[in-house]
Amino acid sequence: MVEALKIELPSAGSAIALAGDREGNLKLIAKQTGAKLVLRGQELLISGTPAQVSLSQRLIQALEQYWGQEKPLSSADILTAQQAIETQQQAELQDLQKDVLAKTRRGYDIRAKTFRQRQYVQSVRTHDLTFCIGPAGTGKTFLAAVLGVQALLNNEFERLILTRPAVEAGEKLGFLPGDLQQKIDPYLRPLYDALYEFIDPEKIPGLMERGVIEVAPIAYMRGRTLNNAFVILDEAQNTTPAQMKMIVTRLGFRSRMVVTGDVTQTDLPQNQASGLAIAQKVLHSVEGIAFCNLTTADVVRHPLVQRIVAAYEQHETP
């Protein structure tokens with residue numbers, strides 16, 4: 001038995017937001033539900049079995065918080081909404097959708113996109129030390145930077161410190177031009193990029209000169225006590241066990257630290273253990289420390305990235 005349903009969308013903008021680029025959102029909803037979705041202007045036609053049509057309708061209604069305000073949808077939004085329907089977590093989904101972490105300089109709302117991302121955000125808010133481990137594109141560094149910048153702007157901390165190991169990923173530092181700072185800047189670029197989303201780039205040099213924001217390689221952290229600071233250690237899989245022990249023991253009073261990394265993408269020599277992998281084993285049961293694990297389902301970059309990560313995981317699984 002084939003059933004058909006017509007949904008009138010409130011505006012052209014909402015239709016565009018729901019459809020997505022090249023109607024990618026509608027194609028994903030069709031793939032997940034088995035229904036056929038056709039958009040004609042502001043009229044959405046859904047056809048299929050009663051169960052397929054019903055699931056599609058509920059999924060679209062669950063996403064109205066976004067497309068109803070003409071805000072873009074991602075594949076992660078759609079998959080999370082489907083998960084909420086299937087697990088009867090609609091109330092949790094509404095909380096996730098309404099929890100705006102920050103607005104970018106261009107006015108875009110930043111939210112956690114998946115339930116595991118929201119768990120990560122809540123862990124950072126409630127723990128002095130949080131480890132987040134997951135593949136590329138899951139928002140590990142970006143969400144940490146969002147929370148760190150907002151905490152700094154809200155005067156919860158005096159400083160924001162972003163650090164990562166300067167480990168070569170196939171290149172050699174010696175071949176890069178300039179002095180040491182210029183050589184390591186390319187390794188810190190992802191951290192700068194996150195800052196630029198929320199703080200006027202022209203203001204960042206002044207904040208760095210005053211020590212309000214510090215972006216530096218992990219070696220610069222040795223011997224320091226980081227008080228009243230929000231600290232982010234990125235690419236932690238490239239720390240040695242000694243470096244990891246050094247950085248987590250820098251945590252001072254009134255401070256918070258977030259450690260992010262992907263244990264599947266280490267650039268360390270083959271015979272060198274990853275400090276992040278060791279920390280998982282040593283610290284997993286220590287009270288006051290949170291461990292959050294993200295998966296390919298939490299990838300929020302281009303949809304192709306999710307498929308690439310999944311393909312590599314399948315290839316690398318014995």
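Just so you know, residue 1 is the first one in the sequence shown, and it goes up from there.
Applying the 6.0 Å contact sphere to OH of Tyr108 captures no more than 12 heavy atoms from other residues, nucleotides or ligands. Glu8 CD: more than 12 foreign heavy atoms inside a 6.0 Å radius.
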Legend entry - Ile46/Lys36 under side-chain contact (heavy atoms from CB on, under 4.5 Å): CA gap, chis, key distance, verdict: CA-CA 6 Å; Ile46 306 173; Lys36 181 179 180 181; over 6 Å; no

Legend entry - Derivation and outcome, side-chain contact (heavy atoms from CB on, under 4.5 Å), residues Met244 and Leu276: CA-CA 7 Å; Met244 177 60 74; Leu276 180 58; 4.3 Å; yes

Inset, instruction - Test side-chain contact (heavy atoms from CB on, under 4.5 Å) on Phe115 and Glu92 and set out the steps. - result: CA-CA 8 Å; Phe115 288 124; Glu92 290 84 352; 3.9 Å; yes

Legend entry - Worked verdict on Leu101 versus Leu143 for side-chain contact (heavy atoms from CB on, under 4.5 Å): CA-CA 9 Å; Leu101 306 178; Leu143 288 173; 3.7 Å; yes

Inset, instruction - Under the salt bridge (Lys or Arg N to Asp or Glu O under 4.0 Å) rule, what do Arg224 and Glu214 come out as? Steps first, then yes or no, please. - result: CA-CA 13 Å; Arg224 302 173 58 183; Glu214 181 178 351; 2.7 Å; yes

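Between the side chain of Ser255 and the main chain of Leu226, a donor-acceptor pair closer than 3.5 Å is present. At distances below 3.5 Å, at least one donor-acceptor pair connects side-chain atoms of Gln42 with backbone N or O atoms of Leu9. Checking side-chain atoms of Ser56 against main-chain N and O of Gln52 turns up a donor-acceptor pair under 3.5 Å. Without hydrogens or angle criteria, Thr266 side chain to Val263 main chain gives no donor-acceptor distance under 3.5 Å. Although no hydrogens or angles enter the test, the distance criterion places a donor-acceptor pair under 3.5 Å between the side chain of Ser274 and the main chain of Gln237. No donor-acceptor pair under 3.5 Å is formed between the side chain of Tyr120 and the backbone N or O of Cys132. Checked by atom type and distance alone, the side chain of Ser14 never pairs as donor or acceptor with a backbone atom of Trp67 at under 3.5 Å. Remark: the backbone N or O of Thr225 is not paired with any side-chain donor or acceptor of Arg250 at under 3.5 angstrom. Of the possible polar contacts, one joining the Arg105 side chain to the Tyr196 backbone as a donor-acceptor pair under 3.5 Å is found. Between the Arg159 side chain and the Asn227 main chain, a donor and an acceptor come within less than 3.5 Å of each other.
Rounded to the nearest 0.5 angstrom, Ile29 CD1 and Leu18 CG are separated by 5.5 Å. The structure places CD of Gln243 at 8.0 Å from CG of Leu268, a figure rounded to the nearest 0.5 Å. Here the straight-line distance linking atom CG of Asp109 with atom CD of Gln65 works out to 9.5 Å at 0.5 Å rounding. Annotation: the span from Leu96 atom CG to Gln117 atom CD amounts to 8.5 Å, rounded to 0.5 Å. Ile278 contributes atom CD1, which lies 10.5 Å from atom CG of Leu283 (distance to the nearest 0.5 angstrom).
Side chains of Thr239 and Ile218 form a contact here, defined as non-hydrogen atoms less than 4.5 Å apart. A heavy-atom distance below 4.5 Å is found between the side chains of Asn25 and Ile78. A heavy-atom distance below 4.5 Å is not found between the side chains of Ile289 and His127. The shortest side-chain heavy-atom distance between Leu294 and Ile133 does not fall under the 4.5 Å cut-off. Counting heavy atoms from C-beta on, the side chains of Leu207 and Ile199 come closer than 4.5 Å. Within the 4.5 Å cutoff, side-chain heavy atoms of Gln32 are placed close to those of Leu79. For the pair Val231 and Val258, the minimum side-chain heavy-atom distance is 4.5 Å or more. A 4.5 Å side-chain heavy-atom check between Ile161 and Met221 finds at least one atom pair inside the cut-off.
Residues Leu55 and Leu5 share a hydrophobic cluster, clusters being chains of Ile/Leu/Val/Met/Phe/Trp/Tyr side chains in contact below 4.5 Å. Cluster annotation: Ile232 and Ile204 are assigned to the same hydrophobic cluster (Ile/Leu/Val/Met/Phe/Trp/Tyr, side-chain heavy-atom contacts under 4.5 Å, transitive). Tyr220 and Val259 fall within a single hydrophobic cluster, where Ile, Leu, Val, Met, Phe, Trp and Tyr are joined by side-chain heavy atoms under 4.5 Å apart, directly or via other members. Cluster membership for Leu153 and Phe198, using ILVMFWY side-chain heavy atoms within less than 4.5 angstrom, is shared. The hydrophobic clustering, which links ILVMFWY residues whose side-chain heavy atoms are closer than 4.5 Å, places Val286 and Met257 together.
Between Lys113 and Asp77, at least one side-chain N (NZ, or NE/NH1/NH2) sits under 4.0 Å from a carboxylate O, which counts as a salt bridge. With salt bridges taken as basic N to acidic carboxylate O contacts below 4.0 Å, none links Lys103 and Glu197. The pair Arg111-Asp99 fails the salt-bridge criterion, with no side-chain N (NZ, NE, NH1 or NH2) lying under 4.0 Å from an Asp/Glu carboxylate O.
Looking only at atom types and distance, the side chain of Ser11 has a donor-acceptor partner in the side chain of Glu70 under 3.5 Å away. A donor and an acceptor atom, one from each side chain of Gln90 and Gln94, are nowhere located under 3.5 Å apart. Between Gln272 and Gln270, the side chains place no donor N or O within less than 3.5 Å of an acceptor N or O (distance only, hydrogens not considered). For the residue pair Thr295 and Arg116, a side-chain donor N or O sits within less than 3.5 Å of a side-chain acceptor on the partner. In the model, Thr114 has no side-chain atom that pairs as donor or acceptor with a side-chain atom of Thr80 under 3.5 Å. For the residue pair Thr264/Asp262, the side-chain donor-acceptor check at 3.5 Å is satisfied.
Here the rule is side chain to side chain contact (heavy atoms under 4.5 Å, CB included) with Phe230, and of Leu162, Val124, Leu152 only Val124 fits it.
A parallel orientation is assigned to the rings of Phe131 and Phe291, their planes being inclined by less than 30° (bins at 30° and 60°).
Listed here is the closest heavy atom pair of Thr163 and Pro217: OG1-C, 3.2 Å.
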